[in-house]
Novice: 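One structure follows; several queries about it will come next.
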Amino acid sequence: MMYDNIKLWFARNQTGNTICIDEINNGNLNEKYYCPICGSELKPKATHSEKVSAHFAHFDISKCNSESMVHWWFKHEFIKPGDTFYIVTDKETKYVCEEIFTEETHKVDSRKYRPDVTIKTECGNTIFFEMYYTNKKSIRDYFDLWTSLSSIVVEIDTKNLLQRDMKFKALFYSGKCFNVKRNDTYYHTIGSYKEELMLSQNNNTHLKERVRKLDWFWDDVIKYKNNKIDIEQIANTIDSIENTDKHIVMKVLKKSMCANLYQDYKNFMSLNESAIFTERLGGSHSLNHLTNRIQLILEPLIENIEVKLISKNHYSHRSYYNGSRKHPYKYRKEFSHYTYCLIIRRTNKTLRKIEITNKILNMAEAQLKIFCEDIRASLKDRKVKHVCINCKKGYLLSYSEMQSYLRKELNIPKRCKTCRLKRRKTIVD
């Protein structure tokens, strides 16, 4: 019998056994029946009607609702020990129910997972059955739990449940998700990538941290769409993700749901390339303070270091009408904005130029120390060009070579290696 559009298709008789409406006949029609959920009395109705489906009716319907009725049936009657059922993935697998547990709690780290029904099969598998009445389980919320528990997960639509179909589509099976909707953006980007990582690598702490950052990024995308965070927070989250995983970030950003976010992110990053000032800030307190901070951090790392701040003017060309018939429009150069740059020098030689960006301006002290350490590391094998005072030819000295001279309290050579050897022979002779 099909139980579609029936409010209540089962009841308990006077002996406490569950009975379905299709088992009602003239012999048991006048017996007393009770609702197994609320305990109130029921009455069989429309058992001989051709227009209305047969059902059990409450004398007081306010105590029950259709969702609670379906849940009760799902948890107590839809499958019993000894019943055979099938799990469908890309193939069909047969199982036999051995034990049933209702709303059993499973702990994973600090989280708890409580499926509607847990079934132990005769072959030793654990299968979690979830029922959805209106909303399906979110893969984003449950994927990590299912992976940690390493069990089969089945989600059942109540419509299929009422049809007593014993073939169930798997939602999670052997570390992979199945029967996922095409419009599930999370699964088709981050979720499927996490599956590949979990199946191909050991589930270590570093891997967990990588996938956790991808989930944080997804959460920030949702928050940004709901106007709860700004684009800078999104950019900071993306910066924290490892380069090997950033192709998944771009895959998410290029989805239609992130069209506005992707454009905002590109605009933010282009602005982040250089801090733009519309008025002269060479003497401003913030920039001078930043220069002094970098100077103080670099001094113990590099001897005789000097940090200077310079500005660069940027112009744009604008058209104007000059009254001429032959060439009515001409262009003039107009000032647009300034950008500023830090020059790191040692003994009057420029070692590196660093453009002032929005990120550098907003760096905390700890971040700035790491930034300066990166500068020192990049200068370690950098070669600086010098001009020989004898032959006037250029020669190169690496940063490490200059450091060794300074440690020995020697002056930096003013002559190239060839001229130094000639001078040494002359002095000896």
Novice: Can a donor-acceptor pair be found between the side chains of Tyr186 and Asp141 at a distance below 3.5 Å?
Specialist: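 No, no side-chain donor-acceptor contact under 3.5 Å.
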Novice: Are Tyr113 and Phe128 close enough that some pair of their side-chain heavy atoms sits under 4.5 Å apart?
Specialist: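 Yes, their side chains come closer than 4.5 Å.
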Novice: Measuring from atom SG of Cys341 to atom NZ of Lys312, what distance do you get when rounded to the nearest 0.5 angstrom?
Specialist: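 One gets 9.0 Å once the value is rounded to the nearest 0.5 Å.
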Novice: Taking atom NZ of Lys91 and atom OH of Tyr173, what is their separation to the nearest 0.5 Å?
Specialist: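 Going from the NZ atom of Lys91 to the OH atom of Tyr173 covers 6.0 Å.
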Novice: Tell me whether Asp245 contacts the main-chain N or O of Ile248 through its side chain, where contact means a donor paired with an acceptor under 3.5 Å.
Specialist: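 No, because the side chain of Asp245 does not come within donor-acceptor range (under 3.5 Å) of the backbone of Ile248.
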Novice: Give the C-alpha distance, both sets of side-chain angles, the deciding distance and a yes or no for side-chain contact (heavy atoms from CB on, under 4.5 Å) between Phe56 and Ile24.
Specialist: CA-CA 10 Å; Phe56 290 101; Ile24 299 298; 3.9 Å; yes
Novice: Is it the case that the side chain of Thr89 and the backbone of Ala170 share a donor-acceptor pair, with hydrogens and angles ignored and the cut-off at 3.5 Å?
Specialist: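 No, because the side chain of Thr89 does not come within donor-acceptor range (under 3.5 Å) of the backbone of Ala170.
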Novice: Under 4.5 Å between any side-chain heavy atoms of Leu29 and Pro44, yes or no?
Specialist: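 Yes - at least one pair of side-chain heavy atoms lies under 4.5 Å apart.
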Novice: What verdict does the side-chain contact (heavy atoms from CB on, under 4.5 Å) test give for Ile310 and Tyr340, after you've listed the backbone C-alpha separation in whole Å, the side-chain angles of each residue and the deciding distance to 0.1 Å?
Specialist: CA-CA 6 Å; Ile310 62 169; Tyr340 288 86; over 6 Å; no
Novice: Report the relative orientation of the aromatic rings in Phe129 and Phe168; use parallel for angles under 30°, tilted for 30 to 60°, perpendicular for over 60°.
Specialist: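 Answer is perpendicular, since the angle exceeds 60°.
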Novice: Salt bridge between Lys137 and Glu130, side-chain N to carboxylate O under 4.0 Å?
Specialist: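 Salt bridge flag = yes for Glu130 with Lys137.
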Novice: Where do Gly175 and Glu195 come nearest, in terms of heavy atoms and distance?
Specialist: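 For Gly175 and Glu195, the tightest heavy-atom pair comes out as O-CG, 3.7 Å.
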Novice: Could you state the interatomic distance from CG (Leu342) to NZ (Lys353), rounded to the nearest 0.5 Å?
Specialist: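 Answer for the CG-NZ pair, Leu342 versus Lys353, is 12.0 Å.
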Novice: Would you find a donor on one side and an acceptor on the other, under 3.5 Å apart, between the side chain of Glu99 and the backbone of Glu122?
Specialist: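 Checked: no pair found.
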Novice: Of the non-hydrogen atoms in Tyr34 and Glu41, which two are nearest, and what is the gap between them?
Specialist: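 Shortest heavy-atom separation between Tyr34 and Glu41 comes out as CD2-CA, 4.0 Å.
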Novice: Are Met250 and Lys246 packed together at the side-chain level, in the sense that at least one heavy-atom pair is separated by less than 4.5 angstrom?
Specialist: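 SC-SC contact between Met250 and Lys246 ruled out.
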Novice: Taking atom CG of Asp109 as the centre, report whether more than 12 heavy atoms of other residues, nucleotides or ligands fall under 6.0 Å from it.
Specialist: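 Check fails, neighbour count at 12 or below.
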Novice: Would you say NZ of Lys213 has more than 12 non-hydrogen atoms from neighbouring residues, nucleotides or ligands within 6.0 angstrom?
Specialist: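 Check passes, neighbour count above 12.
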Novice: Counting C-beta onward and ignoring hydrogens, is there a side-chain heavy-atom pair between Val252 and Met257 closer than 4.5 Å?
Specialist: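 The answer is no; the side chains never approach within 4.5 Å.
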Novice: Ion pair present between Asp144 and Arg111, side-chain N to carboxylate O less than 4.0 angstrom?
Specialist: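 Salt bridge flag = no for Arg111 with Asp144.
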Novice: Please test Phe85 against Lys167 for side-chain contact (heavy atoms from CB on, under 4.5 Å), starting from the C-alpha separation and ending with a verdict.
Specialist: CA-CA 6 Å; Phe85 60 94; Lys167 290 184 179 180; over 6 Å; no
Novice: Are side-chain heavy atoms of Ile119 and Thr126 found at a separation under 4.5 Å?
Specialist: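 With C-beta onward as the side chain, the pair stays apart.
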Novice: Output yes when a side-chain donor or acceptor of Ser151 lies under 3.5 Å from a complementary backbone atom of Leu149, and no otherwise.
Specialist: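 Confirmed, Ser151 side chain pairs with Leu149 backbone.
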Novice: Looking at Asn17, I want to see if its CG is surrounded by more than 12 non-hydrogen atoms of other residues, nucleotides or ligands under 6.0 Å.
Specialist: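 Yes, because the 6.0 Å sphere around CG of Asn17 holds more than 12 heavy atoms from other groups.
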Novice: Between the main-chain N or O of Glu23 and the side-chain N or O of Asn28, is there a donor-acceptor pair closer than 3.5 Å?
Specialist: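 Present.
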Novice: With side chains defined as the heavy atoms from C-beta onward, is the minimum distance between Ile344 and Leu298 less than 4.5 Å?
Specialist: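 They are in side-chain contact.
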Novice: Donor-acceptor pair, distance only, cut-off 3.5 Å: does the side chain of Lys393 make one with the backbone of Val387?
Specialist: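 Between the backbone of Val387 and the side chain of Lys393 there is no qualifying donor-acceptor contact (under 3.5 Å).
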Novice: Any donor and acceptor pair, going by atom type alone, linking the side chain of Glu98 with main-chain N or O of Lys120 inside 3.5 Å?
Specialist: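 Side chain of Glu98 to backbone of Lys120, a donor-acceptor pair under 3.5 Å: no, none is there.
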Novice: Yes or no on side-chain contact (heavy atoms from CB on, under 4.5 Å) for Ile238 and Leu253, after CA distance, side-chain angles and deciding distance?
Specialist: CA-CA 11 Å; Ile238 294 174; Leu253 291 176; 4.2 Å; yes
Novice: Which distance, rounded to the nearest 0.5 Å, do you find between the CZ of Arg114 and the OG1 of Thr118?
Specialist: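 Between atom CZ of Arg114 and atom OG1 of Thr118 there are 11.0 Å.
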Novice: Keeping the roles fixed (side chain from Ser150, backbone from Trp146), state whether a donor-acceptor pair exists under 3.5 Å.
Specialist: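 Not a single qualifying donor-acceptor pair exists.
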Novice: Is the backbone N or O of Lys223 less than 3.5 Å from a side-chain atom of Asn226, with the two atoms forming a donor-acceptor pair by type?
Specialist: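 No; zero donor-acceptor contacts below 3.5 Å.
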Novice: Please check this pair: side chain of His188 against backbone of Lys181, looking for a donor-acceptor N/O pair closer than 3.5 Å.
Specialist: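 Yes.
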Novice: Salt-bridge test for Glu196 and Lys194: reply yes if a basic N is under 4.0 Å from a carboxylate O, no otherwise.
Specialist: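 Looking at Lys194 together with Glu196, the answer is no, because their closest N to O distance does not fall below 4.0 Å.
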Novice: Salt bridge (Lys or Arg N to Asp or Glu O under 4.0 Å), that's the test. Do Glu92 and Lys94 meet it? Break it down for me.
Specialist: CA-CA 7 Å; Glu92 207 172 89; Lys94 179 182 176 181; over 6 Å; no
Novice: Is the shortest side-chain heavy-atom distance between Tyr224 and Ile231 below 4.5 Å?
Specialist: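 Side-chain contact under 4.5 Å: yes.
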Novice: Taking side chain as C-beta onward, heavy atoms only, is Thr189 less than 4.5 Å from Leu214?
Specialist: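 Thr189 vs Leu214: side chains apart.
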Novice: Working to the nearest 0.5 Å, report the span between CD1 of Ile139 and CG of Leu171.
Specialist: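 Atom-to-atom, Ile139:CD1 and Leu171:CG are 5.5 Å apart.
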